[in-house]
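Just so it is clear: chains get the letters A, B, ... in the order the sequence lines come, proteins before strands, and each one is counted from 1. Everything numeric in this text was worked out from a predicted model, so none of it was measured.
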2 protein chains.
Amino acid sequence: MKKLINTADSVVDDALNGMAAAHPSLRVRDRVVYRAEGPRPGKVGLVSGGGSGHEPLHAGFVGYGMLDAACPGEVFTSPVPDQIIDATRAVDGGAGVLHIVKNYTGDVLNFEMAAELIEDVEVASVLVDDDVAVQDSLYTAGRRGTGATVFVEKLAGALAEQGAPLAQLAAVAGEVDERSRSFGIALTSCTTPHAGKPTFDLPETDVELGIGIHGEPGRARVPMVSARELAAIAMEAIHGDLPLRGDLLVMVNGMGGTPLMELYVVFAEVAAFVRGKGARVSRSLVGNYVTSLDMQGFSVSICLLDDVLTRLWDAPVETPGLRWGR
Amino acid sequence: MKKLINTADSVVDDALNGMAAAHPSLRVRDRVVYRAEGPRPGKVGLVSGGGSGHEPLHAGFVGYGMLDAACPGEVFTSPVPDQIIDATRAVDGGAGVLHIVKNYTGDVLNFEMAAELIEDVEVASVLVDDDVAVQDSLYTAGRRGTGATVFVEKLAGALAEQGAPLAQLAAVAGEVDERSRSFGIALTSCTTPHAGKPTFDLPETDVELGIGIHGEPGRARVPMVSARELAAIAMEAIHGDLPLRGDLLVMVNGMGGTPLMELYVVFAEVAAFVRGKGARVSRSLVGNYVTSLDMQGFSVSICLLDDVLTRLWDAPVETPGLRWGR
């Protein structure tokens, strides 16, 4: 597989150099991506991170109304504690720092270790584990953290800009995770720069239901069917775990290699499914937000909104990956 | 190749239903995508269109600060005159309508025919032909229109919001095209829903230099090299045609199947090339803006900015595909 890289070893640093060159609002230092303007006194800092290869997650969500810093690891590899410690100290504005951690064993361990080693900053953590597909998958004890990370980062980010204290931020971030569910389907494998060949074999006739964002196995492999049927499989899995009701935030997310036209086809089917259950698509995202390199496929994430969360979703955000309203 | 569709025949309508469901700011009627709020009296209307499969172009650029309507054709197929006529009449606020037309023979003919058939609305046209790769390619007499379409739609769109008259809009849009150049490189073919197999064969070892956005042949097929070398090939082609100088607007555009991480790697190299020529990256975009379905690869587009164009670029825009500042 061809990759637009210089070398597999330099791809993360080369991409971060590109981010810094493209976005004057960001500053990159020692493998951490910060807001250029630095911490705001009295505001809780938000730090997330994880393996590279899921862009725009997380570095693309650094900016007003979302994260204060992101710690990118190597491709599909957790950031190391030193990165997390640097980021946490740098973004503390005196009100403490919230760590937003996707539920992968390496991420959880390294964020925990960093939090323990930092004695001079108050740290709270929220674990994102929204993927209903599998329990105890490769890399994970419990459920994996996927698309709802975008919801947690956006909603907690908006609340942090309003000056909410750390304990409240942690509580709301946890509530967003509890109100959110995701399910992904792969049409093809991803290919990492180091391997240079597909992570797993998937016949031309089949799809993987419940795929993870690193190509981890899902629930089942079945013959390819229509977008309508695939959307129904994903939505039934979500609805069976957390019944759809009321106003929903719905994201149809591309895995990196899927045409936007096809994501809109899926979105139409997801919206029809939601209506069929008597719920309502109140807010939505369609596009590449939590990718798996060049994988073809999609995931659906939903969050049960209330008035407070809807207002936080509508609040201004200015990041390379998500932007509106200011 | 697997496609997230219901049927190949319904893919365009299904995707438009998804756009309408996802974006309350848009209204879809008879295969035209409009701003939901309708035309503003006294403002020139901006209409563009072209084959589907290049999303977010054009429908994703309908909204405040860009287009008033977009006419999507079938996949890689021009819209028909009736669509263009409907769109033109519907967005006229009494100040006339500007057609923004990519230079493909079918698009040019159908927009011309529509303009001739409309006697009750003043229409001007701008032709976008920024691709330096080839002259007189498949589908095109002269140069193809590609990435600079985003620049023309954004900059003319901003000027239209300020109340500029039709003649001035057409002049500035033409100037933007003259100041812009693009060059694309394919790592893989695209696959259309109807064909279900790659449009062209490209060996695993090779890349196509100067690819068109429908998979049309470029200048040459050469062995795959590093991102740095590919970026230099694209930038030398552009610089040889229009020497880089002063402040540049630079877009590194994904063709639909390329990881964002890799596009940032390319952007870093493009920015270094620009600095090496004594010019400056003043504004930038990195991501999927003018795609070719699931093609892997990228294009670079540049525009020589001046103070007026920079202010128009920075003006607020609120579309599904491009959004900032209001």
ask   = Are T291(B) and L260(A) side-chain neighbours, meaning at least one heavy-atom pair lies under 4.5 Å?
value = no
request  = Determine the minimum heavy-atom distance between M261(A) and P193(B), stating which atoms define it.
outcome  = CE-CG, 4.1 Å
query = For the candidates A268(B), S284(B), A227(B), which exhibits the highest count of non-hydrogen atom pairs separated by less than 4.5 Å from chain A?
reply = A227(B)
task = Show the numbers, then the answer: is there a side-chain contact (heavy atoms from CB on, under 4.5 Å) between V11(A) and V265(B)?
result = CA-CA 7 Å; V11(A) 63; V265(B) 171; 4.0 Å; yes
remark   = Note: vs chain A, highest number of non-hydrogen pairs under 4.5 angstrom among A231(B), G297(B), S226(B) is S226(B)
message = Distance alone, cut at 3.5 Å: any donor-acceptor contact between the side chains of E229(B) and N6(A)?
response = no
ask   = Among N17(B), L263(B), L293(B), V250(B), who wins on heavy-atom pairs under 4.5 Å with chain A?
value = L293(B)
Contacting moiety of P320(B), where chain A heavy atoms sit under 4.5 Å = side chain
Pick from G287(B), A271(B), A21(B) with the largest number of heavy-atom pairs that fall under 4.5 Å of chain A = A21(B)
ask   = Do D294(B) and T258(A) have side-chain heavy atoms sitting under 4.5 Å apart?
value = no
inquiry  = Can you give me the closest heavy-atom contact between Y264(A) and A22(B), atom names plus distance?
reply    = CE2-CB, 4.1 Å
query = Taking the side chain from E204(B) and the backbone from M1(A), do they hold a donor-acceptor pair closer than 3.5 Å?
reply = yes
ask   = Is it the case that more than 12 heavy atoms not belonging to R283(A) sit under 6.0 Å from its CZ atom?
value = yes
message = For chain A, which candidate among C190(B), G257(B), A59(B) shows the most heavy-atom pairs at distances under 4.5 Å?
response = G257(B)
message = For V207(A), is there any backbone N or O sitting under 3.5 Å from a side-chain donor or acceptor partner on K2(B)?
response = no
